[in-house]
Amino acid sequence: MEVGSMQRQWVQYIKSWLGEGTLDGQYLQLLQLQDESNPTFVSEVVTLFFEDTEELLNKLSLALSQPSVDFKKIDDHVHQLKGSSSSIGALRVKNACIAFRNVCDQQSAEGCLRCLQQVQQEFYCVKEKLSYLFALEKRILNAGGSIPMDLGS
């Protein structure tokens with residue numbers, strides 16, 4: 001596939017995911033921090049988010065499997081995940097975390113388990129999409145192109 005075609009595909013993916021609410025404007029802000037001198041900045045930041053989130057999801061699963069659930073600890077983990085998902089523009093993950101925190105306030109272990117499943121679903125969805133996008137970015141760069149900074153209208 002030629003560079004121009006891959007770049008147009010990249011732009012369409014971003015626009016689509018913004019339109020469906022997977023990503024929000026914060027992701028665009030992150031993209032503005034990326035430039036020719038550091039063309040993989042966003043993928044590096046988001047990869048750290050992926051790693052941190054996997055760890056937090058494991059901690060949440062473990063905390064919810066305890067005989068006596070520590071809702072404060074769960075809320076702290078979800079609060080951290082909400083902040084990190086918000087900082088990279090993972091809107092659906094952030095929204096699932098907001099719902100999770102509300103259920104955590106009710107101290108419902110069953111409700112928290114359902115919310116954890118929703119957060120996991122949204123996380124793995126955005127991870128799959130962004131991983132594909134980063135693979136496309138790598139192909140664009142390897143073909144001598146650059147990552148589009150203007151999404152057009």
Side-chain angles (χ1 to χ4, degrees), residues 1-64 73-105 111-153:
M1 187 182 298
E2 60 104 8
V3 172
S5 178
M6 288 188 289
Q7 290 170 323
R8 284 187 296 281
Q9 186 180 34
W10 184 91
V11 168
Q12 277 311 115
Y13 283 136
I14 298 283
K15 285 182 172 183
S16 170
W17 298 335
L18 288 166
E20 70 187 24
T22 299
L23 299 175
D24 65 16
Q26 184 60 36
Y27 189 80
L28 298 178
Q29 296 292 317
L30 202 57
L31 283 173
Q32 291 179 355
L33 299 175
Q34 183 167 280
D35 59 22
E36 296 289 329
S37 67
N38 193 359
T40 60
F41 172 76
V42 174
S43 66
E44 291 169 15
V45 169
V46 173
T47 297
L48 289 173
F49 165 74
F50 291 161
E51 292 167 1
D52 291 346
T53 299
E54 294 276 359
E55 186 177 322
L56 281 171
L57 291 174
N58 288 334
K59 287 179 180 178
L60 284 164
S61 292
L62 181 62
L64 284 168
K73 180 188 275 187
I74 291 169
D75 186 62
D76 289 346
H77 292 322
V78 175
H79 180 71
Q80 182 180 351
L81 180 54
K82 179 180 144 275
S84 60
S85 60
S86 179
S87 71
I88 66 137
L91 181 61
R92 286 190 178 173
V93 176
K94 179 187 89 172
N95 289 342
C97 288
I98 292 169
F100 197 157
R101 292 193 75 202
N102 290 335
V103 170
C104 202
D105 287 343
C112 284
L113 281 170
R114 281 194 304 273
C115 287
L116 175 59
Q117 290 172 344
Q118 184 64 37
V119 168
Q120 288 170 325
Q121 178 180 330
E122 296 299 347
F123 168 69
Y124 289 115
C125 177
V126 78
K127 182 179 180 182
E128 180 181 335
K129 288 178 177 188
L130 288 176
S131 294
Y132 182 83
L133 187 73
F134 299 148
L136 181 58
E137 287 179 3
K138 190 177 233 179
R139 288 177 37 218
I140 291 169
L141 294 171
N142 288 342
S146 61
I147 305 306
M149 292 295 117
D150 180 16
L151 297 183
S153 43

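- At a threshold of 4.5 Å between non-hydrogen side-chain atoms, the residues Ser43 and Lys138 do not count as touching.
- With a 4.5 Å cut-off on side-chain heavy atoms, Tyr27 and Ile14 count as touching.
- To the nearest 0.5 Å, atom NE2 of residue His77 and atom CD of residue Glu55 are 9.0 Å apart.
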Next item on the list: Tell me, with the steps shown, if Thr22 and Leu130 meet side-chain contact (heavy atoms from CB on, under 4.5 Å).
Entry: CA-CA 10 Å; Thr22 299; Leu130 288 176; over 6 Å; no
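- Distance check, rounded to the nearest 0.5 Å: NZ of Lys129 to CG of Leu133 gives 11.5 Å.
- The minimum heavy-atom distance between Ser86 and Gln26, with the atom names listed, is O-CG, 3.1 Å.
- In this structure, CD1 on Ile88 lies 7.5 Å from CG on Leu30, to the nearest 0.5 angstrom.
- Closest non-hydrogen pair, Pro39 versus Ile147, comes out as O-CG1, 4.4 Å.
- No side-chain donor-acceptor contact under 3.5 Å links Ser5 to the backbone of Glu2.
- From Trp10, atom CH2 reaches atom NZ of Lys15 across 11.0 Å, with rounding to the nearest 0.5 Å.
- If you check the side chains of Tyr13 and Gln9, you find a donor sitting under 3.5 Å from an acceptor.
- Checking side-chain atoms of Asn38 against main-chain N and O of Gln34 turns up no donor-acceptor pair under 3.5 Å.
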Margin query: Does Leu28 form a side-chain contact (heavy atoms from CB on, under 4.5 Å) with Leu18? I'd like the steps, not just the answer.
Written below: CA-CA 9 Å; Leu28 298 178; Leu18 288 166; 3.9 Å; yes
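- Side-chain atoms of Arg101 never come within 3.5 Å of backbone atoms of Cys97 as a donor-acceptor pair (strictly under, hydrogens ignored).
- Counting only distance, with no hydrogens or angles, the side chain of Arg92 and the backbone of Glu20 share a donor-acceptor pair below 3.5 Å.
- Phe100 approaches Cys112 most closely through the heavy-atom pair CZ-O, 3.5 Å.
- Contact check for Phe41 versus Asp35: no side-chain heavy atoms found under the 4.5 Å cut-off.
- The shortest distance between side-chain heavy atoms of Ile98 and Lys82 falls below 4.5 Å.
- Below 30°, between 30° and 60°, or above 60°: for Phe123 and Phe49 the angle between ring planes is above 60°, a perpendicular geometry.
- Residues Val42 and Phe134 form a side-chain contact, since some pair of their non-hydrogen atoms from C-beta on lies under 4.5 Å apart.
- In terms of heavy atoms, Leu91 sits closest to Gly21 at CB-O, 3.4 Å.
- Between Ile140 and Ser146 the shortest heavy-atom distance is CG2-O, 3.5 Å.
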Note to self: Evaluate Thr53 against Ser85 for side-chain contact (heavy atoms from CB on, under 4.5 Å), listing each step before the verdict.
What the structure shows: CA-CA 9 Å; Thr53 299; Ser85 60; over 6 Å; no
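- Within a 6.0 Å radius of NZ in Lys73, other residues, nucleotides and ligands contribute 12 heavy atoms or fewer.
- Counting all heavy atoms, side chain and backbone alike, Gly145 lies closest to Leu141 at O-CD2, 3.5 Å.
- Put simply, NZ on Lys59 and CD on Glu54 are 13.5 Å apart, with the number rounded to the nearest 0.5 Å.
- If you take CD on Glu122 and CG on Asn95, they are separated by 8.5 Å, rounding to the nearest 0.5 Å.
- A donor-acceptor pair is defined here as one N or O able to donate and one able to accept, closer than 3.5 Å; no such pair exists between the side chain of Ser16 and the backbone of Gln12.
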